[in-house]
Amino acid sequence: MRKVSLKSKNQTGISMAQQMNRRVFLKTLGGVAALSGINALPGLSSVLNAAQVGGRIDFLSWEGYDLLNETKAWREKNSVSIASTYIGSMEDTQAKLVGGAGVGYDLITYNQGYIGLYRKLEILKPLEAASMPNYPDIMPMWRQEGSSWVQDGKIWGVPFTWGAYTLTYNADIFKTPPKSWFDLLDKKYKGRIGIIDDMLIAVPMAAALAGFKDKLPNLTAQELKKSMDMMKKFKAQARSIAPSYGELTSMFVSKEIVAAIPCWGAVALWARDQGANIKNTLPDEGGFCFVDAYAVPPVVDNLSTTMAFINHALSPEIQAAHSKSLAGGIVNLKARPFLHESVKNLYDYDDLGSLFEKAPFTDLPPQESKKYTTYEDWVAAWEEFKVS
Amino acid sequence: MHTKSDELSKESSATGLSKNSRRSGRFAFFCLIPVAVFIGLFFLFPAVVFLAYSFLESSYYKVYLVPTLGNYIKVLTNPVYFKVTLNAIRIGLMTAVLSVGLSYPVAYFIRFKMKKGQSTIMVLIIVSLLSSYLVRVYAWKTILGWNGMINQLLLALQLINEPLSFFLYSKGAVVITLVHVFLPFAILPILASLQNVDASVIESAKDLGASPLTAFLKVTFPLSSTGVAAAFLYAFVLAAGDYVTPQLVGGTSGMMVGLSISNQFIRTGKYGEGSALSFVVLIVFISIFLLVFNSMKALKLIPKKQQRS
Amino acid sequence: MTHTPGHCYDKKARRVVKRFDWLTVYSIVVMIFLFLPIGLIVLFSFHSSPRLAFPFEGLSLRWYREVFIRADLIPALFNSLIVAGATTLISMTLGVLAGLGLTRSRSRFASIVGVLTSLPILMPGLFLGVALLSLFAMLKIHLSLLTVIIGHTIYTIPYFILVIRSRLERFDLMLEEASRDLGANRFQTFHLVTLPIIRSSVIGASLLVFALSFDEFLITFFIIGSDSTLPMLIWSMLRRTINPSVNAVATMILTFSLILILVGNRLADLKISMAERKMQIT
């Protein structure tokens with residue numbers, strides 16, 4: 001049976017579960033005592049020895065990130081099964097883990113921008129490099145102290161896939177790749193542009209277009225407003241604010257849109273699979289990159305198996321396999337020779353430095369700040385943008 | 001013919017507290033206990049707690065024991081919330097009116113005009129619900145889109161030269177899709193309440209000289225009013241609370257309040273604000289529903305008091 | 001059910017026929033509106049290319065094969081069936097009882113319960129999901145399919161009760177009185193008199209509840225353990241790449257449930273007509 005630990009860090013704040021506990025205790029002693037004996041059926045994982053590899057990994061993240069097909073052989077060999085709940089947005093992870101008082105998952109992922117928030121919410125467990133023999137093989141930038149994955153001498157996350165947000169366009173319409181994002185403001189594209197409904201990428205994009213790229217993620221209220229006003233110009237050109245990249249793909253394929261701002265590189269790949277001539281380009285104003293890292297919540301049932309899984313995901317064969325299926329970049333360059341044709345040149349692995357300079361990794365704005373706009377301010381600004 | 005039941009009914013109407021009615025009162029009470037307990041524990045209790053939260057400070061998934069009216073002030077004064085709620089109400093009302101309007105005649109047809117196959121058609125309608133909601137919304141994109149069925153048809157008939165773009169990614173697309181998705185929810189309660197209406201009652205009204213329209217307005221419709229109310233309620237709340245369809249087919253035409261509530265609970269973890277918004281929207285929805293319901297009563301379309309047969 | 005006296009038609013034959021035409025046409029049009037998208041869903045499940053858009057490029061069974069290859073679709077489908085089935089049973093039981101109680105009693109308690117049962121419908125958005133998540137966290141109830149069933153029951157029971165109330169509202173209580181006069185106890189009365197009469201509404205409302213539960217994925221996400229239900233899976237699939245495999249799943253569900261229900265219906269009709277015949281003979 002999983003023990004739930006309720007930690008409250010903040011002196012003035014108590015987690016909801018604790019608070020509700022107090023109130024209920026004061027009000028209905030008998031009823032709660034009777035009810036708290038309820039448990040669901042115990043999970044398989046609790047039956048097996050914690051030190052061995054085997055059993056069930058409870059996974060909470062994007063569909064596809066559980067690498068069900070890619071790791072099939074390894075899992076059968078080690079008797080590992082994965083039970084997955086898929087999220088619809090990064091925030092679903094924290095909503096479920098914190099709101100449910102840390103219940104029930106062994107493996108999650110986080111986007112690099114979320115490290116600050118997730119450490120504050122205390123939903124990450126420091127990981128041991130020793131339990132991942134493949135760890136030293138991943139590129140140094142993903143293992144650097146001070147990065148979004150290694151802080152205070154502890155490993156909080158292990159990057160395993162990444163991608164770039166660039167300008168995706170229909171090559172039948174744009175005979176030459178657009179050189180600037182502002183090319184999309186041309187009248188002839190009115191109602192033919194797609195925007196992604198992802199605040200974490202759209203707001204930085206807006207800031208970059210308004211000239212505040214260097215200031216990110218610390219924007220003053222004025223700078224944020226100017227950025228959103230700039231983005232509204234693109235909204236006037238937009239057909240729709242798509243809730244997902246799959247949406248953008250189908251809009252490209254059915255010719256609803258001819259370009260998307262900003263757009264994940266994978267969309268071009270998927271659209272090509274469906275017969276549309278879609279390409280990516282990085283305009284002068286640049287773009288952004290994201291990287292997703294595996295992480296483990298503090299309340300974990302099956303740590304050794306989870307670490308073995310992460311390690312396996314870093315191996316060259318699996319890196320190459322999921323690069324194809326997730327249309328993502330690899331973090332372990334030893335996988336390069338194994339890359340599939342379709343993704344070999346997805347990113348220029350010889351010169352990733354210049355890519356990351358033009359398309360840096362986004363960060364979340366501060367949670368609390370007197371001077372700069374906070375995460376809550378960004379959410380409000382994005383909502384206002386969608387409604388305007 | 002003087003039967004025992006005549007005696008009993010005389011007795012109950014005389015005293016009002018016959019043994020039978022007392023027993024049925026107790027019986028009814030016991031029938032209600034299970035659902036009362038279930039809803040009390042799993043809905044009322046957490047809802048009250050969240051009502052309390054709406055008066056407390058909160059951020060990042062923590063609620064602080066600091067009382068405040070700030071959440072409600074924010075909810076009531078934020079122009080974004082106002083816009084999205086208005087949007088939701090508008091879409092909800094349009095969907096509800098269209099759903100009820102479209103489904104009443106169909107339900108009437110099934111109930112009174114179909115001799116055979118009533119249950120078959122009902123089954124077909126309900127089974128259509130089992131095709132996933134998301135897949136159905138996508139089917140509408142196939143119909144309304146740039147390359148969709150309607151455009152292809154119009155192009156083939158040479159009525160237009162270029163595909164029309166306003167079919168999809170517009171408020172209209174949202175309403176059409178929602179009406180389609182929730183139509184079975186409207187047909188069903190109306191059909192259920194029409195089962196109560198005996199065709200001979202309508203015939204008698206007509207025999208007494210009423211025109212078909214009068215018979216309908218004065219006899220049929222009022223007798224089926226509970227069903228109509230239920231259908232309207234379903235279509236309205238399901239449509240007004242929906243925020244997935246507008247994201248998929250609504251284009252830039254506007255967010256609905258469900259997404260704002262989702263944002264407060266999921267993204268910013270401001271349970272206080274999310275709860276306040278939820279309760280304000282609850283009151284708005286109830287008010288609208290009561291407004292519609294009472295104006296129908298005023299128009300004498302619905303009887304003031306329910307008659308028991 | 002619709003035994004209109006024959007002589008009325010003779011008198012008003014012409015008027016009846018005219019209305020018959022308009023209403024029929026109108027109903028057929030609405031039916032087309034209702035079933036056309038369903039037809040498209042089935043059509044595109046056989047699309048030879050991954051596009052969910054016209055022009056239609058040809059037929060193929062590839063998506064049905066995809067569905068069976070995928071490791072996660074079938075378990076998710078089973079989870080959905082289990083949850084929807086259990087939700088329907090619980091909602092039906094609680095709902096029929098509640099419907100009986102609400103329409104037969106005029107006490108204050110009944111009206112309060114009546115209002116209470118309609119509240120969950122009116123709570124917008126994910127309120128139910130988040131509230132239940134907190135409740136389960138506090139009561140230390142592990143998240144699992146059971147918690148999802150509880151959540152779905154709360155979500156669907158107002159719908160069931162409203163439909164069943166519409167039906168029970170004008171139910172002729174004299175029939176029950178008569179049956180009890182003839183010696184049947186309360187249970188027999190319910191089973192042999194009330195239930196057959198409201199049967200079609202109960203079944204209809206149950207199917208409605210089943211459909212609601214089967215399609216729900218927003219609330220479900222919050223209160224599920226490390227599982228997925230089918231709509232959750234489809235929602236997350238649609239985020240990355242949209243292809244007709246979801247159409248294939250939907251078509252399969254439609255076909256199976258159609259067969260199941262029509263067969264069940266036919267069996268039930270057979271049972272009734274056999275019973276009727278028996279009564280005629282005796």
Side-chain angles (χ1 to χ4, degrees), chain B residues 4-5 24-25 28 31-32 34-36 38-39 42-43 46-47 50 102 105-106 109 112-113 119 122-123 126-136 138-140 142 145 147 152 180 183 188-189 192-193 195-196 199 203 226-227 230 237 241 258 261-262 265 278 281-282 285-286 306 309, chain C residues 2 4 8 23 26-27 30 34 37-38 40-41 52-54 94 97-98 100-101 104-105 113 116-117 120-127 130-132 134-135 150 154 162-163 166-167 169-170 172 177-178 181 201 204 207-208 211 214-215 231 234-235 238 246-247 250 253-254 257-258 261 265:
Chain B
K4 192 169 169 205
S5 80
S24 83
C31 281
L32 291 174
V35 78
F38 193 83
I39 295 195
F42 292 114
F43 174 73
F50 271 65
L102 285 178
V106 176
F109 177 78
F112 293 119
K113 301 297 175 190
S119 39
M122 212 174 79
V123 160
I126 292 173
V127 164
S128 78
L129 274 179
L130 292 177
S131 59
S132 161
Y133 161 92
L134 289 167
V135 180
R136 267 178 289 155
Y138 268 90
W140 276 102
T142 326
N147 261 349
Q152 299 261 327
H180 175 261
L183 201 61
L188 201 77
S193 66
Q195 308 281 21
N196 289 329
E203 286 301 329
T226 346
V237 291
I261 296 179
S262 164
F265 280 130
S278 300
V281 172
L282 169 74
F285 282 179
I286 293 181
Q306 293 294 3
S309 55
Chain C
T2 48
T4 45
C8 285
L23 199 57
Y26 182 84
S27 303
V30 174
L34 191 59
I38 312 291
L40 279 180
I41 290 176
L52 271 180
F54 287 100
L94 293 178
L97 284 175
L100 289 175
R104 272 125 222 261
S105 164
V113 175
L116 207 63
T117 55
I121 293 191
L122 297 162
M123 291 316 295
L126 321 135
F127 183 85
V130 180
L132 280 171
S134 299
L135 178 70
I150 294 175
I154 293 290
L162 267 176
V163 172
S166 319
R167 181 68 186 96
E169 210 96 65
R170 289 169 210 296
D172 193 348
E177 294 270 357
D181 286 344
S201 296
L207 288 174
L208 204 75
F214 198 72
D215 248 349
I234 296 181
W235 178 235
L238 293 176
V246 292
N247 290 49
I253 298 171
L254 280 172
S257 42
L258 202 65
I261 295 178
N265 220 30

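As the structure is a computational prediction, the values presented were derived from the model and not from experiment. Chain letters run A, B, ... following the sequence lines, proteins first, then strands; residues in each count from 1. All values below come from the heavy atoms of this structure, side chains included, with hydrogens, waters and symmetry mates left out.
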So how far is it from B:Leu129 CG to C:Asp215 CG, rounded to the nearest 0.5 Å? 7.5 Å
Please walk me through it: do B:Ile286 and C:Leu122 pass side chain to side chain contact (heavy atoms under 4.5 Å, CB included)? CA-CA 7 Å; B:Ile286 293 181; C:Leu122 297 162; 3.6 Å; yes
Please report the interatomic distance CG(C:Leu100) to SG(B:Cys31), rounded to the nearest 0.5 Å. 5.0 Å
Nearest-0.5 Å distance, OG of residue B:Ser193 to CG of residue C:Leu162: 11.5 Å
Contact origin within B:Val237 toward chain C - heavy atom pairs under 4.5 Å: side chain
Quick one: of C:Gly204, C:Pro120, C:Ser257, who has the most non-hydrogen atom pairs under 4.5 Å with chain B? C:Pro120
For B:Leu183, is it the side chain, the backbone, both or neither that has a heavy atom under 4.5 Å from a heavy atom of chain C? side chain
Between C:Tyr26, C:Trp235, C:Phe214, which shows the greatest number of heavy-atom pairs under 4.5 Å with chain B? C:Tyr26
All side-chain hydrogen bond (donor to acceptor under 3.5 Å, both in side chains) counterparts of B:Trp140, not counting sequence neighbours: B:His180
B:Phe38 versus chain C, the contacting section by heavy-atom distance below 4.5 Å: both
For chain B, the option from C:Leu116, C:Ile154, C:Leu52 that forms the most heavy-atom pairs under 4.5 Å: C:Ile154
In the structure I gave you, are the side-chain heavy atoms of B:Ile261 and C:Phe127 within less than 4.5 Å of one another anywhere? no
Looking at CD1 of C:Ile41 and OG of B:Ser128, how far apart are the two atoms once the value is rounded to the nearest 0.5 Å? 9.0 Å
Point-to-point distance, once rounded to the nearest 0.5 Å, from CG of B:Leu130 to CG of C:Leu258: 9.5 Å
Select, from C:Val246, C:Ile253, C:Ile150, C:Val30, the one with the greatest count of heavy-atom pairs under 4.5 Å involving chain B. C:Ile150
Side chain / backbone / both / neither for C:Val113 at chain B, heavy atoms under 4.5 Å: side chain
Quick check: do C:Leu97 and B:Val35 have side-chain heavy atoms less than 4.5 Å from each other? no
